[in-house]
Protein chains: 2
Amino acid sequence: MKSLAQNYRSQCPLSAALEMIGDKWSLLIVRDMCMGKSRYGDFQNSPEGIPSNILANRLRQLEENGIIKKQPYQTNPPRYEYLLSPKGADLLPVLQQLGLWAHRYVPGSMPPPDDFMAAKPEELLAGK
Amino acid sequence: MKSLAQNYRSQCPLSAALEMIGDKWSLLIVRDMCMGKSRYGDFQNSPEGIPSNILANRLRQLEENGIIKKQPYQTNPPRYEYLLSPKGADLLPVLQQLGLWAHRYVPGSMPPPDDFMAAKPEELLAGK
DNA sequence: TCCTATCACTTGCTAATTGCAAGTGACCAG
DNA sequence: CTGGTCACTTGCAATTAGCAAGTGATAGGA
């Protein structure tokens, strides 16, 4: 996670948020994690087809920003999975609103899945 | 606004939304418009200091995506202002959630202003 | 033992985007 | 005729994105 005295463009919370997650891919990874995905390969297999180097970079940034945590799930060979932190899980309401908005205004987009809309941040932490 | 048969990366509404507004500046412009700003110079004077060419580009994209509308406010010299469409105004709940999130987790960020949190999409349209 | 496969990345390289600084065009006021 | 305002545009260097291919650790099978 970035150290304390972070210098953002302004003191506006929205602006700070966009400096962390304002791009085309970061929130898609968070979306996948909200849906139970946790491994590098899972994220790569999402239909949007994130390039591998971008994925590695975004996972690093999300971890630096305290939104996700990287944890080993086996030691031989060493392999890691990615889990939402409380900060990351609390992005769920944002994603839910954004999903609703897009479904309302983007012709041809699917409605957000029921389990996604019914989820709550607390449920996304440890016990899957 | 982009024509119908738009080809997005996937049918996921979140993904489509991020193709429209997934960058560090677009939602800041929408934020400013939610706060009553409407002119090029207003946006440029926001504390984040958006570069002029980026601002022009983002206003064009937001208009193409039907989020804002460009309207003349005087004819000599021809000058335009930018207003939220219903689609744009309905981004307010997303911004409110994101503002709350960031204020909760970004040390040093201001709370979202009261009038911003109290606003409703309908109020952002014609009658200011 | 050697071969193949899996998973999680990294590297190289080109193309596109960003951001800074400066410039432009239309007009108005003195 | 000069200077100023507003809303952009342009040029250019620097950063970032994206594609394709490669790497390293290990397991499993012939």
Side-chain angles (χ1 to χ4, degrees), chain A residues 2 7-10 15-30 32-33 36-65 68-84, chain B residues 2 7-10 15-30 32-33 36-65 68-84:
Chain A
K2 290 184 179 179
N7 50 331
Y8 292 107
R9 304 177 278 194
S10 74
S15 176
L18 291 174
E19 287 188 65
M20 284 188 270
I21 47 118
D23 68 82
K24 300 211 186 312
W25 296 108
S26 296
L27 287 183
L28 244 42
I29 298 171
V30 176
D32 283 351
M33 296 179 74
K37 297 183 182 177
S38 64
R39 313 240 270 242
Y40 197 93
D42 293 334
F43 305 132
Q44 244 180 336
N45 288 332
S46 283
E48 293 83 10
I50 184 169
S52 184
N53 54 343
I54 307 274
L55 174 56
N57 173 279
R58 290 305 185 280
L59 288 170
R60 207 174 306 124
Q61 287 179 207
L62 287 170
E63 200 194 356
E64 285 171 2
N65 284 317
I68 66 178
K69 278 172 291 189
K70 184 178 187 173
Q71 296 205 325
Y73 68 88
Q74 69 175 34
T75 48
N76 256 333
R79 291 285 149 84
Y80 299 90
E81 65 181 348
Y82 298 90
L83 301 173
L84 289 169
Chain B
K2 290 183 179 181
N7 50 331
Y8 292 107
R9 304 178 280 194
S10 75
S15 175
L18 292 174
E19 287 188 66
M20 283 189 270
I21 49 119
D23 68 79
K24 301 214 185 311
W25 295 109
S26 295
L27 288 183
L28 244 42
I29 297 171
V30 176
D32 283 351
M33 295 179 75
K37 297 183 181 177
S38 65
R39 312 241 269 244
Y40 197 93
D42 293 334
F43 305 131
Q44 242 179 338
N45 288 332
S46 285
E48 293 84 10
I50 184 169
S52 184
N53 54 342
I54 307 276
L55 174 56
N57 174 279
R58 290 305 185 279
L59 288 170
R60 208 175 305 125
Q61 287 178 207
L62 287 170
E63 200 194 357
E64 283 171 3
N65 284 317
I68 66 177
K69 277 171 293 190
K70 184 178 186 174
Q71 297 206 324
Y73 67 89
Q74 70 176 35
T75 48
N76 256 331
R79 289 287 149 83
Y80 298 90
E81 64 180 349
Y82 299 90
L83 300 173
L84 288 169

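In what follows, every heavy atom counts, from backbone to side chain, and hydrogens, waters and symmetry copies are set aside. A quick note: this is a predicted structure, and the numbers were derived from the prediction, not measured.
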**Asked** Taking five pairs at each end, how big is the angle between the two axes of the helix from C:dT1-D:dA30 to C:dG30-D:dC1, to 10°?
**Response** 10°
**Message:** Quick one: does any side-chain atom of B:Q61 pair with a main-chain N or O of B:E64 as donor and acceptor, under 3.5 Å?
**Reply:** no
**Request:** Identify, with sequence neighbours excluded, every residue that meets side-chain hydrogen bond (donor to acceptor under 3.5 Å, both in side chains) alongside B:S46.
**Result:** B:D32, B:K37
**Asked** Between atom CZ in B:R79 and atom C1' in D:dG4, what is the gap in whole Å?
**Response** 11 Å
**Item:** Rounded distance (Å) that lies between atom P of C:dT11 and atom CG of A:L55
**Value:** 16 Å
**Asked** Does A:N57 or A:P77 map to a spot on DNA chain D nearer the 5' end, using the closest nucleotide for each?
**Response** A:N57
**Request:** Test side-chain contact (heavy atoms from CB on, under 4.5 Å) on A:I21 and A:V30 and set out the steps.
**Result:** CA-CA 10 Å; A:I21 47 118; A:V30 176; 5.7 Å; no
**Message:** On the nucleotide D:dA7, are OP1 or OP2 found under 4.0 Å from the side-chain N or O atoms that B:R39 carries?
**Reply:** yes
**Message:** Taking B:S52's backbone N and O only, do any of them form a donor-acceptor pair with B:Y40's side chain (distance below 3.5 Å, no angle check)?
**Reply:** yes
**Item:** Those residues of residues 43-54 of chain A lying under 4.0 Å from DNA chain D by at least one heavy atom
**Value:** A:P51, A:N53, A:I54
**Complete:** Separation of D:dT16 atom C1' from A:D23 atom CG, nearest Å, is 11 Å
**Asked** Using a cut-off of less than 4.0 Å, is there contact between a side-chain N or O of B:W25 and OP1 or OP2 of C:dG19?
**Response** yes
**Length of the line joining A:R60:CZ and D:dT16:P, which is rounded to integer Å** = 13 Å
**Request:** Can you tell me the distance, in whole Å, between the CD atom of B:E19 and the P atom of C:dA16?
**Result:** 17 Å
**Atom-to-atom span, CZ of B:R9 to P of D:dC19 - whole angstrom** = 11 Å
**Item:** For atom CD of A:Q74 and atom C1' of C:dC9, their distance in whole Å
**Value:** 14 Å
**Item:** Criterion side-chain contact (heavy atoms from CB on, under 4.5 Å) on A:L55 and A:Q44, from CA distance to verdict
**Value:** CA-CA 8 Å; A:L55 174 56; A:Q44 244 180 336; 3.9 Å; yes
**Request:** Determine: side-chain N/O of A:Y80 to OP1/OP2 of D:dA25, distance under 4.0 Å, yes or no.
**Result:** no
**Prompt:** Looking for any heavy atom pair under 4.0 Å, which part of the strands does B:K24 touch: base, sugar-phosphate only, or nothing?
**Reply:** nothing
**Fill in**
Between B:D42 and B:S38 the two heavy atoms that sit nearest each other are OD2-N, 3.2 Å
**Request:** Compare side-chain N and O positions of A:Y82 against OP1 and OP2 of C:dC9 and report whether any pair is under 4.0 Å apart.
**Result:** yes
**Request:** Would you tell me if any nitrogen or oxygen in the side chain of B:Y40 comes within less than 4.0 Å of OP1 or OP2 on D:dT9?
**Result:** no
**Fill in**
Separation of C:dC9 atom P from A:L59 atom CG, nearest Å, is 7 Å
**Message:** Using a 6.0 Å distance limit plus a 45 degree cone around the ring axis, check whether A:R58 lies over the aromatic ring of A:F43.
**Reply:** no
